[in-house]
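Data block below; observations after.
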Amino acid sequence: MSTVFDPTDGCRVCILIDFDEPQKWIKDFAFLENSEFSVQRKAYENFYQRFKEGVMDELGMSGGEMFSYYCTHGSNLDLRDACFDTYGKQLSLDKDIYTHYDIVLCVSTWSATAPLTAKCKEYGFRGATMHGMNDIILNSGLAVDYNEVSADAEKVRKAMTNADSIEIDFTLEDGRVLTAWLGLDQQDAQKSHGLCTGRTPDIANLPAGEVYFVPCDAHGEFPMKYEDGTLGVLTVVDRNIIKSTLIEGKQSTIDEHNARLADDPMTGTLGELGFGTQVLPVSYQDIQDEKVLGTCHLATGRDDHLGGDIVPEMFKKHENSTHDDILFAPHKTPNFNVSEVRMQRGGKEEIIIENFRPSEYIMNALRS
């Protein structure tokens, strides 16, 4: 808390958690009796209780209350305004939370980084989003010195900023190589580095440790592993995924994705290209695993919280306006290899990743 949010003295802090039935489960902390809510229990044990046991006093903070809101069932979907306190009383996020707290911690099932980034600019608070929290994350990705994380992220950022484009080669088990090209138009690289210091409204996405871009253009192909294990090849034209083709698994999964793309093409727009900058253990939660050095990820959907131009109003339906990461990592996608990632910048080409390992170029940047 002190490292991420310095200064904390005089700040009023609260904790947000999510449920399908927020009033039922927050009242009198009823969720603690249900083993289903492991993320919410982590929020209670590691933040709510610790605050009450003296951490707030030590950091010169006040508040420490916990509130619940309606689960969104989608990554970075806007939140409903209704929320509830631990007495079961209904409140408003806009009127009762964002306006009354200086620091808002959101420990949730689904990421709320995009909506809280928009709200913090409107209401002037700082905060952190930590969805999918588990013991591995608590003991690794959140148990680090974020000054060091920030310094390493800046070294990688400088090594990649103002790139013209990135090419990613994916080698499949049958030997085929798919290549995705992403145009970056010499934009300044950005970093998710975990620090939210000062008084400027901002949201830290934790665990942090990432360099990212908002693609200006994209074309080519890349593989996709769906939640049920089905593998497909996604074809990209003009920054948009236009179709999925089956490699192995269920054709019905591919058909469902293609139907979604046809119904709302914005769901296939590429909104982010990211690279991990930390050495961390696999947590089996993308929020940490996408921060691991040697991995990369793409994301589809809204990117306004990253400085992009894809906003919720551009989607056919509210529930489509998600920001969905597609992580490429050995434990997540063992059926294919990120054999090489190449960066073009200023007429020069640099290798960034080779076989899921950071290149010598990136390692030299980190050693600098």
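Here the structure is a predicted model, which is why all the values come from computation and not from measurement.
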Candidate pair D78 and R302, rule salt bridge (charged side-chain N to carboxylate O under 4.0 Å, His left out), full reasoning = CA-CA 11 Å; D78 286 339; R302 69 180 296 182; 3.0 Å; yes

request  = Please report the shortest heavy-atom distance between D18 and C71, naming the atom on each side.
outcome  = OD2-SG, 3.6 Å

ask   = Between D94 and S92, do the side chains contain an N or O donor and an N or O acceptor separated by less than 3.5 Å?
value = no

task = Considering non-hydrogen atoms only, spot the tightest contact between L231 and F336 and give its length.
result = CD2-CE2, 4.4 Å

ask   = How close do D85 and I26 get, heavy atom to heavy atom, and via which atoms?
value = O-CG2, 3.2 Å

query = Salt bridge or not for R12 and E65, using N-O below 4.0 Å?
reply = yes

note = Closest non-hydrogen atoms of P7 and R126, given as atom of the first, atom of the second and distance, are O-NH2, 2.8 Å

request  = Give a yes or no on whether the backbone of T113 and the side-chain of N76 come within a donor-acceptor separation of less than 3.5 Å.
outcome  = yes

message = Among D289, D286, D325, exactly one meets salt bridge (Lys or Arg N to Asp or Glu O under 4.0 Å) together with K332. Which residue is that?
response = D286

message = If only side-chain N and O atoms count, and only distance matters, is there a donor-acceptor pair under 3.5 Å linking T171 with E340?
response = no

Side-chain (T99) to main-chain (K95) donor-acceptor, under 3.5 angstrom = yes

For W25, the option from F31, Y69, F37, F67 that meets ring pair (Phe, Tyr, Trp, His ring centres under 6.0 Å) = F37

ask   = Going only through I, L, V, M, F, W and Y residues with side-chain contacts under 4.5 Å, is there a path from L195 to L59?
value = yes

message = Using the rule given for salt bridge (charged side-chain N to carboxylate O under 4.0 Å, His left out), can you reason through K42 versus D135, listing the C-alpha separation, both sets of side-chain angles and the distance that settles it, and then say yes or no?
response = CA-CA 8 Å; K42 298 297 181 193; D135 285 333; 2.5 Å; yes

request  = From the options H131, Q40, H73, select the one residue that forms a side-chain hydrogen bond (donor to acceptor under 3.5 Å, both in side chains) with T109.
outcome  = Q40

message = Under the criterion salt bridge (charged side-chain N to carboxylate O under 4.0 Å, His left out), I'd like the reasoning laid out for K316 against D263: C-alpha separation, chi angles, the key distance, then a yes or no.
response = CA-CA 8 Å; K316 184 176 180 180; D263 181 62; 2.6 Å; yes

request  = Indicate whether any N or O donor in one side chain lies under 3.5 Å from an N or O acceptor in the other, for N205 and S192.
outcome  = no

ask   = At their closest point, which heavy atom of S244 faces which heavy atom of H257, and how far apart are they?
value = CB-ND1, 4.0 Å

request  = Would you tell me whether S359 and E354 have side-chain atoms, one donor and one acceptor, within less than 3.5 Å of each other?
outcome  = no

task = Can you see which heavy atom on P201 is nearest to which on G124, and at what distance?
result = CG-CA, 3.6 Å

request  = Determine the interplanar angle of the F125 and Y98 rings, folded into 0 to 90°, and report it as parallel if under 30°, tilted if 30 to 60°, perpendicular if over 60°.
outcome  = parallel

key: V214 reachable from L298 in the ILVMFWY side-chain graph, under 4.5 Å edges   = no

